[in-house]
Amino acid sequence: MEEELSPEQEKQIKKLRMFKIKGRDKRGRKILRIIGKYFPARDLSVDVLNRYLEKKIFPKLERPFAVVYIHTEVCKSDNFPGISFLRSIYDSIPVTVKQNLETVYFVHPDLQSRIFLATFGRFIFTGGLYGKLKYVSRLDYLWDHVRRNEMEIPEFVRDHDEDLEYRPMMDYGMESDHPRVYGEPAVDSSVGMYSTRCIS
């Protein structure tokens, strides 16, 4: 039996500020911003989240739109709900919403997320979504595609982006496919530790 969404649960999810529909990209598409760090993987059930999305998010996505997913400071133990959870959420998305989703900008991907998506992405995200994923290593490259003055970016994301100025990057710019993960230039051990600091 599916879990109903109570007013308290709705208020709690809204307070977390995980999802926000605001602004447009440079092609005029509405933006759904998702902040991974705010996702309480241990405390939120798939049924409750599905109910929230059905009630508050999906009805607002009746036209072509893009997602900006911000991966900054996501830790596996706190913010990653698991493969079955992700698949359940994806399967519950209405067909029309999947069709209207044209691009997913994945901001600040780390090595772990790249490997995960390269390994499981095609199996979890069927129906063409995997091919809509664009890695964006820096905010400056996001602004090439999204209207900067219409997008709210949390301070911790800006701070992380600034920090990247002083560290070598696996990638610069934006990529559209995952096979290049295996052809990335080598990075020194300090960068590896920095990129995967939340994996342990």
Side-chain angles (χ1 to χ4, degrees), residues 18-19 31-44 46 49 53 66-93 98 101-142 144-146 153-154 156-200:
M18 288 184 291
F19 306 101
I31 294 287
L32 167 60
R33 187 199 68 184
I34 303 173
I35 300 180
K37 181 182 177 180
Y38 295 160
F39 186 80
R42 297 178 178 179
D43 305 320
L44 192 61
V46 65
L49 183 57
L53 294 173
V67 166
V68 173
Y69 168 70
I70 299 176
H71 192 67
T72 318
E73 294 189 7
V74 167
C75 292
K76 180 180 178 182
S77 59
D78 296 326
N79 314 117
F80 181 68
I83 295 174
S84 60
F85 190 106
L86 290 176
R87 185 58 191 262
S88 295
I89 293 296
Y90 180 72
D91 287 345
S92 73
I93 299 175
K98 289 180 182 177
L101 173 57
E102 296 187 344
T103 305
V104 178
Y105 299 105
F106 193 118
V107 180
H108 291 158
D110 59 9
L111 180 62
Q112 183 188 24
S113 62
R114 288 172 176 268
I115 292 174
F116 172 81
L117 288 170
T119 306
F120 299 106
R122 289 182 178 87
F123 301 104
I124 298 175
F125 306 121
T126 56
L129 178 60
Y130 180 80
K132 299 175 183 180
L133 185 65
K134 312 290 184 184
Y135 286 138
V136 184
S137 302
R138 298 289 307 282
L139 290 176
D140 280 345
Y141 299 105
L142 181 65
D144 290 340
H145 303 271
V146 174
I153 299 293
F156 75 90
V157 179
R158 296 184 184 278
D159 290 343
H160 178 75
D161 204 68
E162 257 185 65
D163 193 37
L164 293 178
E165 285 281 355
Y166 305 99
R167 296 177 180 272
M169 295 291 295
M170 285 192 301
D171 279 307
Y172 259 85
M174 188 171 70
E175 299 175 1
S176 60
D177 206 355
H178 301 287
R180 286 190 59 194
V181 170
Y182 302 105
E184 295 300 335
V187 294
D188 63 32
S189 59
S190 64
V191 175
M193 291 174 61
Y194 180 78
S195 299
T196 60
R197 64 190 182 281
C198 295
I199 295 179
S200 59

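Each residue takes its place number in the sequence, starting with 1.
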- [ ] Taking salt bridge (charged side-chain N to carboxylate O under 4.0 Å, His left out) as the test, write out the residues that go with Arg87, two or more places apart.
- [x]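 Applying salt bridge (charged side-chain N to carboxylate O under 4.0 Å, His left out) to Arg87 gives Asp91.
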Supply the atom-to-atom distance [X] [atom1] to [Y] [atom2], rounded to the nearest 0.5 angstrom.
{"X": "Thr72", "Y": "Asp163", "atom1": "OG1", "atom2": "CG", "answer": "11.5 Å"}
{"X": "Ile89", "Y": "Leu49", "atom1": "CD1", "atom2": "CG", "answer": "4.0 Å"}
{"X": "Tyr38", "Y": "Glu73", "atom1": "OH", "atom2": "CD", "answer": "9.5 Å"}
{"X": "Asp161", "Y": "Ile153", "atom1": "CG", "atom2": "CD1", "answer": "9.0 Å"}
{"X": "Phe19", "Y": "Leu53", "atom1": "CZ", "atom2": "CG", "answer": "5.0 Å"}
{"X": "Arg138", "Y": "Asp144", "atom1": "CZ", "atom2": "CG", "answer": "12.0 Å"}

Can you name the residues that form a side chain to side chain contact (heavy atoms under 4.5 Å, CB included) with [X], not counting sequence neighbours?
{"X": "Phe120", "answer": "Ile83, Phe116, Ile124"}
{"X": "Asp78", "answer": "Arg42, Cys75"}
{"X": "Ser113", "answer": "His71, Phe106, Pro109, Asp110"}
{"X": "Asp159", "answer": "Glu155"}

Task: Verdict with supporting geometry, Leu44 and Met18, side-chain contact (heavy atoms from CB on, under 4.5 Å) - done: CA-CA 12 Å; Leu44 192 61; Met18 288 184 291; 4.1 Å; yes
Which heavy atom in [X] sits nearest to a heavy atom in [Y], and how many Å separate them?
{"X": "Tyr105", "Y": "Ala66", "answer": "CE1-CB, 4.0 Å"}
{"X": "Arg114", "Y": "Ser137", "answer": "NH2-OG, 4.1 Å"}
{"X": "Asn79", "Y": "Lys37", "answer": "ND2-O, 3.0 Å"}
{"X": "Pro154", "Y": "Ile35", "answer": "CG-CD1, 3.4 Å"}
{"X": "Leu101", "Y": "Val104", "answer": "CD2-CG2, 3.9 Å"}

TODO: Using ring pair (Phe, Tyr, Trp, His ring centres under 6.0 Å) as the criterion, list what pairs up with Phe39, not counting sequence neighbours.
DONE: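 Counting only residues at least two positions away or on another chain, Phe39 forms a ring pair (Phe, Tyr, Trp, His ring centres under 6.0 Å) with Phe85.
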Open item on the list: Between Val136 and His145, does the side-chain contact (heavy atoms from CB on, under 4.5 Å) criterion hold? Intermediate values first, please.
Closed with: CA-CA 10 Å; Val136 184; His145 303 271; over 6 Å; no
TODO: Verify, without hydrogens or angle tests, whether Lys98 (side chain) and Tyr90 (backbone) share a donor-acceptor contact under 3.5 angstrom.
DONE: yes
